[in-house]
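If you read the sequence from its start, that first residue is 1, and numbering goes on from there. These figures come from a predicted structure and were not determined experimentally. These values consider heavy atoms only, across backbone and side chains, with no hydrogens, waters or symmetry-generated copies.
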Amino acid sequence: MSKIPLFQALKKDGWIKPFLKKYRKTMAWALLLGFLTFFCGGALMFTSGFLISRSASLPENIMLVYVPIVLTRAFGIGRPTFHYVERLVSHNWVLKMTSQLRLKLYNTLEKDAIFFKRHYKVGDILGLLAEDINHIQNLYLRTIFPTIIAWLLSLFLIIGLGIFSWSFALLMCLVLLNILVVLPLWSVVATGAFQEKEKQWKNNLYSELTDNVLGVSDWIFSQRGQEYVALHEASQQKLLDVQEKLRRFNRRRDFLLQAIFGVITVLLVVWTSHQFTGNHGGSANWIAAFVLSVFPLVDAFSGLPAAFQETNNYTDSIKRLNNLPRIEEVNQVITISEPLNLDICNLSFAYETTNRFVLEHLDLHIQSGEKIAVLGRSGSGKSTLASLIRGDLKPNAGQITLAGVDTFLFGDAISDQIGVIQQEPYLFHTTVLNNIRIGNEEASVKEVWEVLERVGLKEMVEELPNQLNTMVDEAGLRFSGGERHRLALARILLKDTPIVLLDEPTVGLDPITEQALIDTFLEQLQDKTMIWVTHHLQGIEKMDRVIFIEDGQLEMSGTPCELAKSNTHYQKLKAIDEGK
């Protein structure tokens, strides 16, 4: 049993097991109610069978059937009642657990939000949020809960039969073990290879479809649409072949399962006919009672092999969740005072996946209120420097401090000091008002209109169908690139952070829109520290200082005017940027 992949995954699990302890009382109630549901079902048929047989044999006294009549009514009412309450309790338990799982997943990913696209594929995260969380939910509802209930019922049945005959109870124990242990294990082992192939083909199809749906226009323009369809149909057929093999196995297994229940029924008929022969009332009373009680109990056992078969999928989900980075929470409360200077001292940093330093022995002082542009080619380390300034990364050597405090120590509180406008600001599928209030949830409608006017979007928003209550299309497709950046700036202005970091916000914009956006940034952020990471020199002359990072080191630093007069490298960059 310990070699089953699910059990091995649960040994190292840090996502699922904590909730077993946290919600153990609710889980105990769910298991008890599930047991009582099947107990009442079996007891209802037992007393009904006895009552029918006893009544047919003309009882000498009505009191001989009165108790079974009452019990039949009680169990008849109890079964649906316990089943309904059990559904409420078990689903409430699972929903509380999965809601906490989603919250934990969000918090884990949020800690790595800056590098989200670098470390994760969108499909992987959608799989975690939807498929994997649902797998965990099904693990409890369809496997763990039914298995525990089935074992409790088996224990109760064996003890009950042992009161009459321990030899027959032992025989039934051996038969039930085939349902509780042999068939589930056989399902896991026999279908493991098929499920692995099914998973691989599904993943391949998903990757192909995702890539090609995103690039569907290229397929059309290249006139290769039919070629792709043929390729997809071939992959789809291989998946269907694997699924058909799984269905054939399931049919054979289910037939064997029903055959075992048939054997149990025959054994009960034979045993009761011998056990109760000569008893008062005749053996027929007990034959009907015992045999009929089997049928409602079939539901408690019949789903176990199929449920265990799915544990391979559950195992993958548990592993994916536990493979997410475990980032320690920073709970330290930090108080800082002005001036809010940024100091970078002998800073060196390298990512874990490479031995090469992205930044090495970097020294830089950024005065409070200073406007500084950080130039560099792609891969030079300027974006990494921005992440270190935000505290999203911790230096390998040296330090970077804000008002004397290491930036990585701030944790989430860094957002109160440093605001970021990225290359592609994201707009959520909610109202314009809610999108802007991300910067400050307590902001009034009047304050929102004020920042919209400051960023030059007031008239545009006033012309929308519902103005601030207009729904934003998914990913903000309603708005142009320049408008999305202005909405991101509105968030920053509402948040009113003293430092603003611009991470190449003008990439992809036309020159006129780019210059207008730069002018807006400079005008609205004139009283704040501004760090502009860019590889484009348009508007650079309005900055207080320009630095150039090359191969992780500071190659040049100075005012735009000074560099334009004396620095050959800067002069060449400026000429190239202006197309000269």
Side-chain angles (χ1 to χ4, degrees), residues 1-39 41 82-102 104-105 128 130-157 176-192 195 250 253-254 257 297-322:
M1 292 286 286
S2 61
K3 294 183 179 181
I4 295 178
L6 175 64
F7 298 145
Q8 293 177 328
L10 286 173
K11 284 182 179 180
K12 301 177 181 180
D13 171 62
W15 281 71
I16 313 303
K17 290 191 292 186
F19 297 102
L20 293 175
K21 183 178 182 180
K22 185 175 182 180
Y23 301 121
R24 60 184 181 277
K25 291 183 180 179
T26 308
M27 185 176 70
W29 274 110
L31 294 173
L32 176 61
L33 290 166
F35 170 80
L36 291 175
T37 297
F38 289 108
F39 172 79
F82 285 128
H83 180 66
Y84 178 74
V85 178
E86 184 270 334
R87 293 289 89 183
L88 290 178
V89 174
S90 62
H91 281 74
N92 177 54
W93 185 89
V94 168
L95 289 174
K96 285 196 295 185
M97 182 200 68
T98 52
S99 67
Q100 292 295 316
L101 279 177
R102 287 187 174 93
K104 183 176 180 180
L105 176 60
L128 285 167
E131 187 178 66
D132 290 339
I133 296 295
N134 285 337
H135 279 165
I136 301 305
Q137 177 175 308
N138 290 335
L139 170 64
Y140 285 96
L141 290 179
R142 295 170 53 178
T143 302
I144 294 180
F145 285 2
T147 300
I148 295 175
I149 292 171
W151 277 93
L152 290 174
L153 280 170
S154 300
L155 182 63
F156 178 82
L157 291 173
L176 287 174
L177 283 176
N178 285 283
I179 301 174
L180 295 171
V181 178
V182 177
L183 283 181
L185 289 179
W186 181 42
S187 296
V188 172
V189 174
T191 62
Q195 287 180 315
N250 291 339
R253 183 202 59 214
D254 292 342
L257 181 64
L297 296 179
V298 170
D299 293 336
F301 298 97
S302 60
L304 293 184
F308 265 79
Q309 182 176 312
E310 295 299 317
T311 56
N312 291 320
N313 293 328
Y314 303 154
T315 302
D316 292 338
S317 296
I318 293 173
K319 287 180 178 178
R320 277 193 290 268
L321 286 170
N322 282 285

Heavy atoms, side chains only, cut-off 4.5 Å: are Glu86 and Phe35 in contact? no

The single option from Val188, Leu183, Val182, Val181 passing side-chain contact (heavy atoms from CB on, under 4.5 Å) against Leu185: Val181

Of all the heavy-atom pairs spanning Gly34 and Ile149, show the shortest one and how long it is. CA-CD1, 3.6 Å

Tell me, do Phe38 and Phe156 make a side-chain contact under 4.5 Å, heavy atoms counted? no

How about Leu257 and Phe301: do any of their side-chain heavy atoms sit closer than 4.5 Å? no

Please find the pair of heavy atoms, one from Leu180 and one from Ser154, that lie closest to each other, and give the distance. CD1-OG, 3.2 Å

Distance check, rounded to the nearest 0.5 Å: Leu31 atom CG versus Thr147 atom OG1? 10.5 Å

In Å and rounded to the nearest 0.5 Å, what is the OG to CG distance from Ser187 to Asn250? 7.5 Å

Measure across Ala307 and Thr143 and return the closest heavy-atom pair with its distance rounded to 0.1 Å. O-OG1, 3.3 Å

How long is the gap from CE on Met27 to CD1 on Ile148, to the nearest 0.5 Å? 6.0 Å

Mind checking the CG-CH2 spacing from Asn178 to Trp186? Nearest 0.5 Å is all I need. 11.5 Å

When rounded to the nearest 0.5 angstrom, what is the spacing between CG in Leu36 and CH2 in Trp29? 9.0 Å

Nearest heavy-atom pair of Ala300 and Ala150: which atoms, and what distance? O-CB, 3.7 Å

Output the distance between atom CZ (Arg87) and atom CG (Asn92), rounded to the nearest 0.5 Å. 12.5 Å

If I compare all heavy atoms of Phe82 with all of Thr37, which pair ends up nearest, and what's the gap? C-OG1, 3.2 Å

